[in-house]
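Everything below concerns the one structure shown next.
All ligand and atom numbering here is 1-based and tracks the order in the structure. Side chains are part of it too, since the values below use all heavy atoms of this structure and drop only hydrogens, waters and symmetry mates.
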Amino acid sequence: MFRLINVHDRAALHVDGVVVDLAELSGDPALADPMVAVSRYRELHEFASRAAGQTSGVRVADVVLGAPVPTPRQVFAIGLNYREHAGESGMDVPPAPLTFAKFPSCIAGPTADVPLSGGAVDWEVEIVVVIGRECSYVNAEDAWDVVAGLTLGQDISDRVVQFTGAPPQFGLGKSFPAFGPIGPALVSLDAFEDLDRIALWCDVSGERMQEATTADLIFSIPVLVAYLSSVCTLYPGDLIFSGTPSGIGAARGRFLVEGDVISSGADVIGELRNRCVPGRGSAATTPA
Ligand code: ZN
């Protein structure tokens with residue numbers, strides 16, 4: 001079992017509440033790179049158990065963490081993957097995973113500030129799947145074998161940009177800077193009691209907005225991996241935002257404002273805490 005974190009752009013393990021630098025622990029300088037560490041996820045169990053019980057030094061609580069997977073090659077996201085969320089969005093349950101991309105430049109750390117691109121920016125807490133090895137045509141029954149672990153994410157969405165034009169193209173509205181905070185750790189699969197029932201929730205400035213478990217997913221994580229890998233080759237560090245439960249702002253008529261704090265949490269994985277700050281619009285937020 002391991003919890004992989006990113007401390008000042010170096011891969012580290014979170015062991016007994018303490019930061020353990022992975023390159024120092026292993027004696028392998030290549031493992032300082034968080035993306036290399038993800039691709040070698042099978043070795044991390046051994047390193048984590050080697051460090052257990054003999055840790056001292058900087059406490060994880062005292063450092064600012066970066067994204068555990070800072071530069072994924074591909075970031076997939078799934079729309080309408082919880083039944084109640086499809087309902088609140090006024091959409092039918094899709095016949096296949098409704099897939100769009102978040103551009104990787106939106107990925108940010110677990111406590112990153114989120115600059116607001118406009119007046120209709122919304123929250124979407126999601127369990128994020130981290131691919132561990134290059135693969136294609138993976139069967140759903142084998143899908144967990146290609147997963148390095150899970151993390152938590154926010155699929156922050158500018159609803160105006162997301163729904164501009166017909167048919168709307170979701171990518172840009174979900175890809176402003178820091179619209180994809182993830183973390184606080186990439187957690188190995190063996191840390192979870194039940195991989196098909198992971199609780200997740202989202203509070204905005206202290207008000208509970210979303211709460212569900214992944215048992216409510218329409219397309220399960222293994223089905224998503226099988227589906228996506230039947231089209232795209234998947235690479236180590238690729239992310240799959242697996243969909244958000246009901247309770248988004250668009251359905252409540254309430255969007256994020258400056259000073260709001262988005263607190264997202266999930267069983268085992270931990271919490272994200274993202275403050276909304278002034279941003280600037282773009283040509284996309286004010287279409288001609
Ligand atoms: Zn989403």
Side-chain angles (χ1 to χ4, degrees), residues 67 69 72 74-94 96-108 110 112 114 116-118 120-131 150-164 167-183 198-204 209-221 223-225 227-228 238-252 254-256 262-266 269 272 274 276 284:
V69 186
Q74 306 183 95
V75 181
F76 303 93
I78 309 300
L80 308 180
N81 203 18
Y82 287 83
R83 210 165 291 274
E84 282 182 27
H85 174 56
E88 75 177 353
S89 303
M91 312 269 194
D92 293 333
V93 169
L98 194 62
T99 306
F100 55 91
K102 285 173 81 71
F103 295 99
S105 58
C106 76
I107 297 302
V114 177
L116 297 178
S117 52
V121 179
D122 205 345
W123 55 86
E124 293 194 358
V125 68
E126 313 201 1
I127 297 295
V128 177
V129 182
V130 183
I131 298 297
L150 300 174
T151 191
L152 183 65
Q154 269 286 344
D155 175 19
I156 307 281
S157 305
D158 183 317
R159 302 297 183 198
V160 170
V161 179
Q162 179 186 352
F163 290 108
T164 295
Q169 305 293 315
F170 286 9
L172 288 182
K174 289 163 172 280
S175 297
F176 285 89
F179 272 29
I182 59 170
I198 300 168
L200 70 167
W201 58 92
C202 171
D203 297 342
V204 176
M209 296 296 188
Q210 297 181 282
E211 191 163 29
T213 87
T214 56
D216 300 331
L217 283 170
I218 296 168
F219 301 104
S220 69
I221 289 171
V223 167
L224 295 179
V225 171
Y227 181 76
L228 295 174
D238 280 358
L239 304 179
I240 305 169
F241 282 68
S242 58
T244 201
S246 61
I248 60 167
R252 297 170 180 271
R254 188 246 201 254
F255 293 109
L256 293 165
I262 314 164
S263 301
S264 318
I269 301 170
L272 311 175
N274 304 101
C276 299

From CA spacing to verdict: ring pair (Phe, Tyr, Trp, His ring centres under 6.0 Å), Phe163, Phe170: CA-CA 7 Å; Phe163 290 108; Phe170 286 9; 5.5 Å; yes

Can a side-chain donor-acceptor contact be found between Ser175 and Lys102 if the only test is distance below 3.5 angstrom?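 Their side chains do not contain a donor-acceptor pair, so the 3.5 Å distance test is not met.
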
So, Glu84 versus Ser246: side-chain donor-acceptor pair below 3.5 Å or not?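 Note: Glu84 and Ser246 side chains meet the donor-acceptor criterion.
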
Shortest-distance N, O or S atom of [X] relative to the Zn ion (ligand 1):
X      : value
Asp155 : OD2
Glu126 : OE2
Glu124 : OE1

If you look at every heavy atom in Pro110 and Gly183, which pair is closest and at what distance?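 Closest approach of Pro110 to Gly183, heavy atoms only: CB-CA, 4.2 Å.
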
